[in-house]
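Just below is one structure, and these are the notes that go with it.
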Amino acid sequence: MMRNLLIISNWKLNGSKYLIKNFVSNISLIVKNYNFSIVIAPPLLYLDYMQYIIQLYNCDNYISLSAQNIDTNNYGSFTGEISAKMLKDIGIKYAIIGHADRKVFHNENSSTILKKFAILKSEGITPILCIGETKTEYQANQTIVICIKQIDNIINNFGILAFKNTIIAYEPIWAINKKTVINPIYIQDVHKAIRNYLMKYNDEISKNINIQYGGSVSNENILNLLKQPDIDGVLVGRASLNISNFIKMLNVVNNFYSC
Ligand code: PEP
């Protein structure tokens, strides 16, 4: 099995140059001892600056950066947008697509997600593809059906091999930005179902793909989530915004995996 434990932090619309400096200087003292990878998604405006600070503290082998979003186009009259080509130009390795915030507040739909997925692939940037169901779908026991539909959206258009160098983030919309109590066994079942579905198409992809969980991850629930065999890491929003809290979280994970 080739899966590496991955902790992704999504800063959403938060952050400042001060926070970035503070975060990187603090984390640079410990990150080199970690046996897992960290990806940070600050607001797009700060990617280049954060990259610079990470290099300044010699942490570029330990912390990677992700965009929170990209446009569906690479050039042109799309005022206010950022392209995958620009991300590649400044050396960004990952981009989140299909995040619930984009679906809920910016009408991102399956066809937008397909375009973004394709453009990231064409630039060699790893998509962090968020999938997940609404509360109504969850209550109607439609979780797996909805996740598979969102995965099929990719497979039917690009084939199963498009999942090579792709990260799936299972983020139930009802659990994001809330104080939801998470049942790790339930999340494990969803991840397992996603992996089993991919296995029908390609064994290697199914075994090697990172399936992250995101939604109300906290210091209290992170270990129980990561103990599940098909949860390969987490995507943390609010709990990663407080640096000392996030570092505590990373240390808890590190201590557990060093034992
Ligand atoms: C997110 O924004 O992707 C997320 C998982 O948020 P939170 O951890 O705050 O629920």
Side-chain angles (χ1 to χ4, degrees), residues 5-15 19-20 23 36-47 50 63-70 92-109 112-113 116-117 120 126-135 137-138 143 146-147 150 166-184 186-188 190-191 194 210-226 228 230-250 252-253:
L5 178 62
L6 185 62
I7 307 290
I8 306 174
S9 156
N10 176 16
W11 287 14
K12 314 188 199 202
L13 188 53
N14 299 288
L19 181 81
I20 289 169
F23 176 86
F36 53 89
S37 308
I38 299 175
V39 175
I40 309 289
L44 290 166
L45 179 67
Y46 291 121
L47 279 170
M50 191 158 188
I63 307 174
S64 303
L65 292 179
S66 169
Q68 293 178 14
N69 181 40
I70 50 147
I92 301 303
K93 305 240 167 49
Y94 301 88
I96 298 172
I97 54 171
H99 190 277
D101 289 344
R102 304 292 313 170
K103 287 178 180 155
V104 173
F105 303 120
H106 300 274
N107 299 323
E108 190 154 308
N109 57 28
T112 334
I113 293 167
K116 292 183 177 186
F117 187 91
L120 286 175
T126 301
I128 301 172
L129 173 71
C130 298
I131 60 170
E133 78 286 10
T134 62
K135 186 161 198 172
E137 290 160 346
Y138 167 69
T143 301
I146 297 295
C147 288
Q150 292 171 3
T166 293
I167 292 168
I168 293 177
Y170 169 55
E171 295 216 306
I173 295 174
W174 49 269
I176 297 177
N177 299 326
K178 310 253 169 19
K179 283 192 178 145
T180 311
V181 177
I182 307 299
N183 177 353
Y186 173 78
I187 307 296
Q188 160 61 22
V190 177
H191 282 223
I194 294 169
N210 258 69
I211 307 180
Q212 306 285 124
Y213 169 73
S216 299
V217 174
S218 66
N219 291 23
E220 285 70 46
N221 61 24
I222 190 165
L223 270 190
N224 282 335
L225 285 162
L226 295 179
Q228 308 303 321
D230 289 289
I231 302 181
D232 306 312
V234 285
L235 201 166
V236 194
R238 286 154 302 157
S240 65
L241 282 171
N242 176 311
I243 302 171
S244 59
N245 189 62
F246 187 51
I247 290 179
K248 235 186 256 166
M249 188 183 260
L250 296 176
V252 165
V253 173

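Hydrogens, waters and symmetry mates are skipped; everything else that's a heavy atom, side chains included, is used. These numbers were taken from a predicted model, which means no experiment stands behind them. Whatever order the structure lists ligands and atoms in, that order sets their numbers, starting from 1.
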Problem set entry | Sub-4.0 Å atoms of ligand 1 with respect to non-hydrogen atoms of L235 | 3 (O), 5 (C)

Exercise. Is there at least one pair of N or O atoms, one from D101 and one from ligand 1, spaced under 3.5 Å apart?
Worked result: no

Exercise. N224 side chain to N221 main-chain N or O, any donor-acceptor pair under 3.5 Å?
Worked result: no

Exercise. Checking Q188 side chain against D230 main chain: does a donor-acceptor pair fall under 3.5 Å?
Worked result: yes

Problem set entry | For K12, atoms of ligand 1 separated by under 4.0 Å from a heavy atom | 1 (C), 2 (O), 4 (C), 6 (O), 7 (P), 9 (O)

Problem set entry | Proximal atoms of ligand 1 relative to H99 (non-hydrogen, under 4.0 Å) | 1 (C), 2 (O), 3 (O)

Exercise. Could you give the distance from OG (S240) to CD1 (I8), rounded to the nearest 0.5 Å?
Worked result: 11.0 Å

Exercise. Would you find more than 12 non-hydrogen atoms of other residues, nucleotides or ligands less than 6.0 Å from K178 atom NZ?
Worked result: yes

Problem set entry | Ligand-residue contact atoms, ligand 1 with E171, heavy atoms, under 4.0 Å | 1 (C), 3 (O), 4 (C), 5 (C)

Problem set entry | Under 4.0 Å to a heavy atom of G215 - the qualifying atoms of ligand 1, by number | 5 (C), 10 (O)

Exercise. Is the number of heavy atoms from other residues, nucleotides or ligands under 6.0 Å of K93 NZ greater than 12?
Worked result: no

Exercise. Can you tell me if Q68 uses its side chain to pair, donor with acceptor, with the backbone of A41 under 3.5 Å?
Worked result: yes

Exercise. Are any of the N/O atoms in G237 less than 3.5 Å from those in ligand 1?
Worked result: yes

Exercise. Under the side-chain hydrogen bond (donor to acceptor under 3.5 Å, both in side chains) criterion, do W174 and E137 qualify, and how do the steps go?
Worked result: CA-CA 10 Å; W174 49 269; E137 290 160 346; over 6 Å; no

Problem set entry | Atom indices of ligand 1 within 4.0 angstrom of R238 heavy atoms, with elements | 7 (P), 8 (O), 9 (O), 10 (O)

Problem set entry | Heteroatom distance test (S216, ligand 1): nitrogen or oxygen, under 3.5 angstrom | yes

Seminar exercise, completed: Within the 4.0 Å heavy-atom cut-off, what N10 brings close to ligand 1 is side chain

